[in-house]
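This one's a predicted model, so the numbers in the text were calculated from it and none came from an experiment.
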Amino acid sequence: MQAETQRQVEHMVPVAFALLLRWIPLWPAAALAALSVVYAGFVSPRLLRRTLRDDEAPRGFSPGKVIYGAVVLALILILRETHFHVVAGAWALMGIGDGMSNIVGRRFGRTRIPWNREKSWEGFAAFLAFGTVAAGFLVWWVSLRRDVADLSILTSMVYALAAAAAAGLVETLPGRYVDDNITVPAVAAFVLYVVAVGFGMDDPTLSLFVALALNFVLGFAAYRAGAVDTSGLVAGLAIGTAVAVALGLPGFLLLSLMFVLGSGATRWGYARKKRDGIAQESGGRRGWLHAVANCVVPALCAVLAACYADTFTADVMKLAFAAALATAAMDTVSSELGPLYGRVTVLFPTFRRVKPGTDGAVSLEGTLLGLAAAAVVTGAALAFGLVLILYWWVVMVAALVGTTVESLLGTAGLGKTPVENAVLNAVNTAVAAGVAVFLFRMLFEVPVAWIH
């Protein structure tokens, strides 16, 4: 374990050279990367021979270390000076993110990832946390050079988080499918390029390409993870692309957050829910019906916001978009985790005690967990600039009203078939969007009318 930790430290230390990309031109940077290949092939095996793995010792060098330097060299030559911030971010995720994932996963990994038992959620969390911070800082730092667009530190962190999530998911895939010495930096560079360079450009064709690319990465990862089936992948790709084109990266990230929260809640305690007969069908994989039911209203709000860009209506529709997604997250989390942790399950509004999983039933614990999920989505909407902080409570109130209406309809006997349940999911997001619009207009349009 000590030798493997030393190997990962050797993996991380060279990332410090990425700081130089703020100043040095192309060919000196390429020369340094070429020297790192020479170091990995001839110097490291002699200085740090104990870090060679069992399958590397007969060769006398580590192919992974050589590939590490070669990938940095390739990124420098392909992306060149104007995109050195992308190189730096991808380098950080390959070095810091992957290295810390290895160290934390080996020492503290307890919860195994279903599709790859050799990986742990603790390791993935380390990749996400350390990789995002390191990549975000370097993207911002290098973007300050004269021939690169100046980015804020917050924007750089958001871009790095998107790249870390995509690259981290790829890193968890079984080794027979990928070589993470190549795929992690490649995916990281691709995502950083499309979000840091593609978004914000006026070319609609490029915007569509970027939106498709981002949604394909997320959709493929969700498919490989068993979160969606083929129809869910296709429907999610269409809906996610529409949202990303309409609202850009903030809209895409908020939609992705809602999906991750809902999918995580569905898979959490799945064996117990299956034993009790209340688990999501198809092993938790969601199809096109789920995607349409939860996302068609938010997508419509996003498109309307784009159609009325730079107007009062656009702000209202962005608020409705956030409220609909917060409601979808609250509904899914409360219905999936409530039966696991709810001590007393009742029907609203009679408060008659019923069996967990009964249509329309609620519990205090499930409601609180659902509100926490809605709060996470609301906080992200504020951070991404979709909703002003003054209106955070409007999103929360809308989410609570939407899920309450769905519970009442469930109590009335609706939602017993997959189609009826999908209709209820669409109704609760529509109600939440409507409540958000109503509150916004009552609070801000009516007082203005009184003044005049």
Side-chain angles (χ1 to χ4, degrees), residues 136 151-159 161-162 195 199-200 243-262 294-295 297-334 367-406 428-452:
L151 300 175
S152 70
I153 184 67
L154 178 59
T155 300
S156 299
M157 287 294 175
V158 172
Y159 290 165
L161 177 60
V195 298
F199 275 115
V243 170
V245 170
L247 295 180
L249 183 62
F252 168 78
L253 290 177
L254 197 66
L255 179 66
S256 301
L257 176 62
M258 184 279 293
F259 171 75
V260 170
L261 288 172
N294 284 308
C295 301
V297 172
L300 179 60
C301 293
V303 171
L304 288 174
C307 291
Y308 294 95
D310 301 321
T311 67
F312 177 80
T313 302
D315 294 333
V316 177
M317 287 298 101
K318 289 177 182 178
L319 184 67
F321 170 76
L325 289 182
T327 305
M330 180 175 177
D331 173 50
T332 304
V333 170
S334 60
T367 301
L368 291 177
L369 288 168
L371 283 171
V376 170
V377 173
T378 302
L382 300 178
F384 298 155
L386 291 169
V387 176
L388 295 178
I389 192 170
L390 179 65
Y391 312 140
W392 69 269
W393 65 272
V394 173
V395 179
M396 293 297 296
V397 169
L400 183 60
V401 172
T403 52
T404 301
V405 168
E406 186 189 27
N428 76 350
T429 56
V431 168
V435 168
V437 172
F438 173 78
L439 289 175
F440 191 92
R441 295 191 63 180
M442 288 297 295
L443 287 170
F444 303 105
E445 283 192 344
V446 172
V448 171
W450 288 344
I451 292 173
H452 291 288

Should the ring pair Phe312 and Phe440 be called parallel, tilted or perpendicular, given that the plane angle runs from 0 to 90° and is split at 30 and 60? tilted
Identify each donor-acceptor pair in which a side-chain atom of residues 374-386 lies under 3.5 Å from a protein atom, sequence neighbours left out, and give them as a table.
residue : atom : partner : partner atom : Å
Thr378  : OG1  : Ala374  : O            : 2.8

Show your working on side chain to side chain contact (heavy atoms under 4.5 Å, CB included) between Phe259 and Asn294 and close with a plain yes or no. CA-CA 9 Å; Phe259 171 75; Asn294 284 308; over 6 Å; no
Which atom names give the shortest non-hydrogen contact between [X] and [Y], and what distance separates them?
{"X": "Ala436", "Y": "Ala323", "value": "CB-CB, 3.8 Å"}
{"X": "Thr429", "Y": "Ala328", "value": "CG2-CB, 4.1 Å"}
{"X": "Thr327", "Y": "Ala399", "value": "OG1-CA, 3.1 Å"}
{"X": "Val297", "Y": "Ala324", "value": "CG1-CB, 4.3 Å"}
{"X": "Val387", "Y": "Lys318", "value": "CG2-O, 4.3 Å"}
{"X": "Val395", "Y": "Ala326", "value": "CG1-CB, 3.7 Å"}

How long is the gap from CE on Met330 to CG on Asn428, to the nearest 0.5 Å? 10.0 Å
What distance do Leu253 atom CG and Leu161 atom CG have between them, rounded to the nearest 0.5 Å? 7.0 Å
Checking Val397 against Val401 for the side chain to side chain contact (heavy atoms under 4.5 Å, CB included) test, could you report, in this order, the C-alpha distance in whole Å, the side-chain angles of both residues, the deciding distance, and whether it holds? CA-CA 6 Å; Val397 169; Val401 172; 4.2 Å; yes
Quick one, Asp331 with Thr403, criterion side chain to side chain contact (heavy atoms under 4.5 Å, CB included). Give me CA distance, side-chain angles, the key distance, then yes/no. CA-CA 6 Å; Asp331 173 50; Thr403 52; 4.0 Å; yes
How about Leu261 and Leu257: do any of their side-chain heavy atoms sit closer than 4.5 Å? yes
Taking the side chain as everything from C-beta on, heavy atoms only, tell me whether Leu300 gets closer than 4.5 Å to Met317. no
With side chain to side chain contact (heavy atoms under 4.5 Å, CB included) as the criterion, how do Tyr308 and Val316 come out once you've worked through the C-alpha distance, each side chain's angles and the decisive distance to 0.1 Å? CA-CA 10 Å; Tyr308 294 95; Val316 177; over 6 Å; no
Partners meeting side chain to side chain contact (heavy atoms under 4.5 Å, CB included) with Phe438 (sequence neighbours left out): Met442
Give me the one residue out of Leu249, Leu255, Leu254 that meets side chain to side chain contact (heavy atoms under 4.5 Å, CB included) with Phe252. Leu249
